[in-house]
Every structure is written in structure tokens, then in C-alpha cells.
Amino acid sequence: MKALNLGILAHVDAGKTSLTERLLHAAGVIDELGSVDKGSTLTDSLTLERQRGITIKSAVVSFAVGDLTVNLIDTPGHPDFIAEVERVLNVLDGAVLVVSAVEGVQAQTRVLMRTLKRLGIPTLLFVNKIDRAGAQYGHVLRRIHEKLTPAAVAMGRVDRLGTRDAEFTSHGPSDEDCTARLAEVLAEHDDELMAAYVEDERALSHERLREELAAQSRRGLAHPVFFGSAITGAGVEALTAGLKELLPAADGDPGAPAHGTVFKVERTAGGQKTAYVRMFSGTVRVRDRLLHGDDGEGKVTGIEVFEHGSDAPGACVEAGRIGKLRGLAGVRIGDAVGSARRVTREQHHFAPPTLETVVVPCRPEESGALHTALTQLAEQDPSPAFGGETPFGLRQDELRGELNLSLYGEVQKEVVQATLADEFGLDVAFRESTTICVERLDGPGAAAEIMHKEPNPFLATVGLRVEPAPPGSGVRYGLEVELGSMPYAFMRAVEDTVRETLREGIHGWEIPDCTVTMTHSGYAPRQSHAHAIFDKSMSSTGADFRQLTPLVLMEALRRAGTTVHEPMHRFRLEIPAETFGAVLPVLSRLRGVPQAPVTKGDAYVLEGEIPAARVHELEQQLPTLTSGEGVLECAFACYRPVVGEAPSRPRTDHDPLNRKEYLLRVVRRVAGA
């Protein structure tokens, strides 16, 4: 039986979870429709999800469309939980992007569509809520063309728009306007069809155009648009048929070596891990031994596969399917699993978190339990925060005994607080959120410390050169010394320490992009006394390299110089024309930089950049400034140099910038003292 692993994505409140319920009901999986408002939907199982009416964790359900099994993954719509969406993208065959017919294309809709197109994920669009007052057809379709994709093709028309009786009717061969639009879009990617279209567009049959639409849609080149209502069921039948006709089924050879990706991890009541795995090739059976992550291995003790809306015990999970595996104790989200080593970590597609906060236990004696709980949550919910392995970029400040969390937004605090209370019995509070900056190198810099030469107190020689790298390129590490010039364990200790040290640059912020090259190396070979007892004072150890490397790297960074960059958001602001004079000075005070305004009827549209730290203040003032008529869209854009005095962040390491204090902390001695 063929399978389709389908993601449902949307801006918050577009009706994504309601659409999931309607698809399951139409397929006969559930007898009664659940309600988001009443907290009775199948996929929103967390208490907080039911209370707030939003999706926080992705959920998998299954239904059949003829001979096709659809594994549907319902994802969060709120931008605070974009990391949850991110990990799902790595396992999809296709997607449905839901747009509200009332609110139209929103900021998060644009972010999601841009990412789906960049990854080449075939995508259908479903314009929901055609039964609501204020629903629009032509305007929303134009916004989809302008803001999401010029290759959008409306698959039908809407009658009685904005009423409870609104209906969607699919276009047929007699709809000449649709046929012309379809031919125009498809001809962009088919030279033969283009020639036929130019010669005589009426010669292109509806059947040929539908076949070509299916082919281009499966390749992510065309984007069919359906209209309907998840509440009344209008248009859902057409969408369901489109899933089978217009999206590609999963491929993969069940007989090939096993390879899959973990996109979700849960713990049972007894603490056992369950890994949600999309298999790309091969077959996994109970009692198989699987490699996972960097160096993990485990024996599969149980398998569940998704059928008819729920998970059921199975003997195996094959290529193209999604299964739940038990027995892989050390597995983490993003791990590759299989019979051979693969790239082990998922790629990140969205912007990093731009806020951080300090989480504090209400009862000081529970600080140890809090750290344990957050570490356990980190295994289930990693984040793209500069390669961090936790949902909130957990940083432990050992000097102050504090835990710092990176966040996408304030709603995440509530989720963390509720999760810690419900699952671990811990009550916590949060300090005010602050903006996360980064540091970028001003130029190259180099430093070295030679063994047996002052002021180096360690039995190790390390030389490092740092150079700027383009934004988004990450940390690249290389060697100018022979790999065999000293034991591999020492080489690895230097590289690992470099990457760890770069989490706090000169001003305490992460240095996410740079090239580091090892230029000098040296060690003292293992030596023993006559009675064959290892003498640490005469022989190099890994600790020598781990403790020396931060001093050398920080000196290289000091010579290179760094500049602090703050996160900037791209904004689109639509305001009544008469409020322009009041809004512009506020934007200026908040350091917003708008482009020239564009007139839109009796309104102005302003686009530009604003520091992420000032977005919340603009959101608060906008209703008053515009009498409630201003519409603001914001999304992360880039990092730019801080204007004025550079902000610094308290260090959580042993401060290798202060050599004397650092040596006192790590070795309890100062060279030459």
C-alpha cells in the first residue's frame, strides 16, 4: 500500500487542527468532530493545548484515501513553536498550507511558504473559513499570488461566500478562465506546452493540463489552491482527492539498508523513550539492532505503526512509513537511525530564537531537580538555537547557579512552566526576557602558547588562527598541522573546546560564524617511573588541551576584534493614511527604518527593519496610534551591528579573558607565581 507523509502547516488560528479533524471525519476515522474551542480534538492531547486552543506539539494520525495511506502530521501554528515545525519538515513528502479566507496571508504564512519552496516540498494551499463573515475570494487569491507564490492555481470557485451555506465547486473543462490561467502557469516550466500555448491556447485540452498540473505539483513547481471550510466540510472532498492526485507518494526500497530520521521523542510513564521515525529506505523489525546519532546503538524492543487514525503494534516499519520505535535509550530528535552511519543531525530552516530568560525555582532547594528536568526535556525537544540541543537553548551559569533559556516568544514561558509543574512537580518563575545578540569577527587574529615556555603552565602546545566567515556558514575548523603530529584524542579535545568556547565571545555572546585553524601543536609523550606508574606531571593529558585552548582562542579573538550584532525584524505595517504623521516618529524612536510608503486606497503600507528588542513595544503602541486599525507583520530578517555602546552578557565560563582568575579556577595556580 502506498503512503504519503503529509504536513499540515498554517499561521495560528487559520483552522489547521480543525481541518485535520474534518479530514479524519471524512475518512471515517472518527465518528464525531472534535472542537478546538472545547479542547476535544484528537491531535491536541496536552492539557495546555486544550486549555489555550493552540497546537504545541506535533501529532501524527493516519487515514486512507483509496489505496493510499496518509500519515498526517499536525504542526503548531504559533511562531513561538516554530522549532516543532522545523523538525517535521525533514520527513515530509508533501504539505498543505492553510490560509484563512478572513485574515488572509499573514506573517507566519509567508515564512512557512518561503521555507517549503526553498526545500522543494510539494505544497497544496487550502483557504479555510469561506463560511465566515468577512471571507474573501479574489483578494486572498491575489495576496497568495503576490506574497506566497506566482504559481498558485485556483482549483474552483466559491458560491455564497461568507455564509454558512458557502460551497466550493471544482473547475471543469468548460471554465475557460481557469484553463487559460492553468496553461499560463504550467507553460513556465514546460517548453513544449509553452509552444502549444503560444500557437493556440484553445488546442490544449483540459485533461492534458490536469496531467501536467499533477506532474508539476508533485515536483513543487505549481501550487493548487482549494477553498473550503473545515467547520462545514465545504471543499474538503476536493482537497482529499487532490492529496492523492497532486502530491507524490513516498518512495524508498524496503529491501535496501535501513535508514530513517527521528523527528519526535516521547517518554512513557515509566521513563522509557519512544522515537517517532520516518523510514526512507529498508525495513526495521522488532529485535533489530540499530545505530543512531553519533555513536549510539540499541535493540528495537517494540514497534507501532499508524493505521486508521491511531498507532497499533506492528512487526516492522518499512521504507516510506512512519513508526514508533522503543528500545533506543540514547536516541534524540534529529538522529539518523539505521544499519550504517549517516549524517546524524537535521538541518535547520528557520531563524534562531532572539530572546532569553533566566528560570528560577520557587523553592531554592529544587535547583538540582530543575536542571535534571530541563535536561530531560531537552532530549525530547531540541532547538535550532545555534546548534543548541534544547528547546530553549539551555545554558547553565555555574558561577551564579542560574539556568538561562533561549526562547522564540513569551508563550513558551507558559508552556515550560506548565510542563515542569505537571510532569515534574516543580514551580518556577522567570526573569524579564532580554534580546540575544551575536558577535562577528572584525578581521583575522592568531595566538599560540608553546609547551615549557612561560606563561604556559600546561603540558600542551596550541596555536589557533581565527578568520571571519559569511553569516550562516557556521563554525569551520581546520588544521595546518599534521593530523598525526599528536594523538587524535588531543586533537579532538582542542576542536571540541574551540566550539564550546565560541559560545561566549569577547562580549559574552555566541560567535556563530567563523573559521578556526590549528597552526601549532605539541604534547609530552606518556612517561612512567621505573616502577611503571604513570606520571601525570611529565605527560600530557586531555585536560591540558581543554584548559589551554580557551586562553589561546580568546587571545586570538581579542587580536581579531569582534562587533556585537543585534537581531533585526522585517516589518510590514498597514495604517490609515491620517495616522502616518503619528506613527512615523514612534518608528524613528524605536529605531525602525522604513522604506518609502506605498499608497493602498486610503491607507499607507510601510515596510522596513526594526530591532527585535523593540517589536513588542511597537505592538503595544500601534492600537492607540491607529485607533485599532493598524496591521503589523513581523519576521526575523538578519543581524546588524549594534548602534552605540555594545551590550555584554555575563559570562558562564571560567572567563579566559582574565588569565589570572581563569588559572586560579581551573588549575588553582598561576604561571610564574
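Of all heavy-atom pairs between Val494 and Tyr477, the closest is CG1-OH, 3.4 Å. Residue Asp544 comes nearest to Leu459 through the heavy atom pair OD1-N, 3.4 Å, listed as atom of the first residue, atom of the second, then distance. Between Val475 and Arg499 the shortest heavy-atom distance is O-NH1, 3.2 Å. In plain terms, the two heavy atoms of Ser485 and Met491 that are nearest each other are OG-CE, 3.4 Å. What you find for Thr562 and Leu557 is that their closest heavy atoms are CG2-O, 4.5 Å. When all heavy atoms of Gly443 and Ala560 are compared, the closest pair comes out as O-CB, 3.1 Å.
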For a side-chain contact (heavy atoms from CB on, under 4.5 Å) check, start with the C-alpha distance between Leu405 and Leu374, then their side-chain angles and the critical distance, and finish with the verdict. CA-CA 10 Å; Leu405 308 180; Leu374 288 173; 4.1 Å; yes
Step-by-step side-chain contact (heavy atoms from CB on, under 4.5 Å) determination, Thr563 to Arg440: CA-CA 5 Å; Thr563 297; Arg440 301 205 185 281; 5.6 Å; no
Apply the test side-chain contact (heavy atoms from CB on, under 4.5 Å) to residues Val466 and Ile511: give CA-CA distance (whole Å), side-chain angles for both, the deciding distance (0.1 Å), then the verdict. CA-CA 11 Å; Val466 295; Ile511 301 179; over 6 Å; no
side-chain contact (heavy atoms from CB on, under 4.5 Å) assessment of Phe430 paired with Gln417: CA-CA 9 Å; Phe430 299 92; Gln417 192 172 43; 3.9 Å; yes
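Other residues, nucleotides and ligands contribute only 12 or fewer heavy atoms inside 6.0 Å of the CZ atom of Arg492. Within a 6.0 Å sphere centred on CD of Glu482, heavy atoms belonging to other residues, nucleotides or ligands number 12 at most.
The only member of Val262, Val300, Val331 that meets side-chain contact (heavy atoms from CB on, under 4.5 Å) when paired with Val277 is Val262. Among the candidates His507, Arg651, Glu555, the single residue satisfying the side-chain contact (heavy atoms from CB on, under 4.5 Å) test with Leu657 is Arg651.
For Arg326, the side-chain hydrogen bond (donor to acceptor under 3.5 Å, both in side chains) partners are Glu304, not counting sequence neighbours. Every residue was checked against the salt bridge (charged side-chain N to carboxylate O under 4.0 Å, His left out) condition with Asp288, not counting sequence neighbours, and none meets it. The salt bridge (charged side-chain N to carboxylate O under 4.0 Å, His left out) test applied to Glu566 returns Arg591, not counting sequence neighbours.
Rounding to the nearest 0.5 angstrom, the gap separating the OG atom in Ser433 from the NZ atom in Lys413 is 3.0 Å. Taking OH from Tyr662 and CG from Asn658, the interatomic distance works out to 12.0 Å, rounded to the nearest 0.5 Å. Here the CG atom belonging to Leu483 is positioned 10.5 Å from the CE atom belonging to Met518, to the nearest 0.5 angstrom. One finds the CD atom of Glu500 at 12.0 Å from the OG1 atom of Thr549 (value rounded to the nearest 0.5 Å). Rounded to the nearest 0.5 angstrom, Thr274 OG1 and Gln272 CD are separated by 6.0 Å. Taken from CG in Leu502 to OG1 in Thr497, the straight-line distance is 10.5 Å, to the nearest 0.5 Å.
A heavy-atom distance below 4.5 Å is not found between the side chains of Cys638 and Pro471. Between Tyr639 and Asp513, every side-chain heavy-atom pair lies at or beyond the 4.5 Å cut-off. Looking at Leu328 and Lys273, their side chains never come closer than 4.5 Å, going by heavy atoms from C-beta outward. Residues Val462 and Leu551 have side chains not in contact (no heavy-atom distance under 4.5 Å, counting atoms from C-beta outward). Side-chain atoms of Ile73 and Val91, non-hydrogen and from C-beta on, do get closer than 4.5 Å to each other. For the pair Met486 and Val481, the minimum side-chain heavy-atom distance is 4.5 Å or more. At a threshold of 4.5 Å between non-hydrogen side-chain atoms, the residues Arg278 and Asp93 count as touching. Counting heavy atoms from C-beta on, the side chains of Val265 and Arg332 never come closer than 4.5 Å.
Side-chain contact annotation: Tyr276 with Glu266, donor-acceptor N/O pair under 3.5 Å present.
Ring orientation note: the planes of Phe490 and Phe545 are close to parallel, at an angle under 30° on the 30°/60° scale.
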